[in-house]
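Counting convention: from 1, in listed order, for ligands and their atoms alike. The structure presented is a predicted model; accordingly, all values stated were derived computationally and were not measured.
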Amino acid sequence: MNKPVKLVAGNWKMHGTSADLGEVAAVAEAARALTGRVDVALCLPATLIHRATVEVPGLSIGAQDIHMADKGAHTGDVCAAMLHDAGATLSIVGHSERRDAHREDDSCVKAKAEAALRSGLGVILCVGESDAERVSGLAVPIVTEQLRASLPREGATADGFAVAYEPIWAIGTGKVPSVEDIAEMHAALRRTLVEELGSVGQDVRILYGGSVKASNATEIFSVADVNGALVGGASLRAADFLPIVEAAAAAR
Ligand code: 13P
């Protein structure tokens, strides 16, 4: 199967103000030079999305979360129309930090993914196991079930929908699963996507996330069915992020 180019997305989490727009500009310039070899996106804090899309046109700018309703009495939340208005083209949904701190369950994540796709926003849907789940030996069935239960039933396309496998114990810790464990999980996620989505599931990109750095990116990108990365800490500075982007472009 001919896979699309890899997607490398940065997740700035709750970091960054307008003082950091220079980093966005540096990523945009490098991404432009790699057009057609790798897709690049930055998922910024909601407060920065509009400024980034105005001041740095041409880079895919995403959100880190989206509400499932079109509008309404949801204090502090942001809906699809607002993200479109700000210039975002995609959103992360179901990040483990939101599943945990905001008690988002699979059905909530699924509704968010469907709301985003319905509105024409791309989606990066996150799944991943805890440390205890990995130690139990049941990570693969647990994560594939999580994917099945949070998967949007409508609107998923190979261009506009990606899955990110992010083991919770690897996020921000410097720990990374073995390439064998990444390969096993990505193969299982691929099987699940094909079972659930048919031929679209064959081409949906499956990203790996959790302590991706310049020093491990090439090895991670060499694993079958790793179609990109979702990068946290190493996406905050262009100097750390761009070597990962270049590794993805070279891995194609
Ligand atoms: P780190 O790259 O900082 O481990 O974070 C990964 C992540 O949570 C991306 O969404």
Looking only at side-chain N and O atoms, does Trp169 offer a donor or acceptor that is under 3.5 Å from a partner on Glu133?
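Absent: no donor and acceptor within the cut-off.
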Exercise: do Ser150 and Arg99 side chains pair donor with acceptor under 3.5 Å
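On atom types as modelled, these side chains qualify, holding a pair under 3.5 Å.
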Protein residues near ligand 1, heavy-atom distance below 4.0 Å?
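Asn11, Lys13, His95, Glu166, Ala170, Ile171, Gly172, Gly210, Ser211, Leu230, Val231, Gly232, Gly233.
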For Val212 versus Ala234, what's the shortest heavy-atom pair and its separation?
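Where Val212 meets Ala234 most closely, the heavy atoms are O-CB, 3.6 Å.
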Counting only pairs under 3.5 Å, give me each side-chain donor-acceptor contact of residues 217-224, with atom names and distances, residues two or more places apart or in other chains.
residue, atom, partner, partner atom, Å
Ser222, OG, Glu219, O, 2.6

Pair Lys6 + Asp39: basic N to acidic O under 4.0 Å
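No salt bridge links Lys6 with Asp39.
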For Glu55, does the CD atom sit with more than 12 other heavy atoms under 6.0 Å from it, leaving out its own atoms?
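Check passes, neighbour count above 12.
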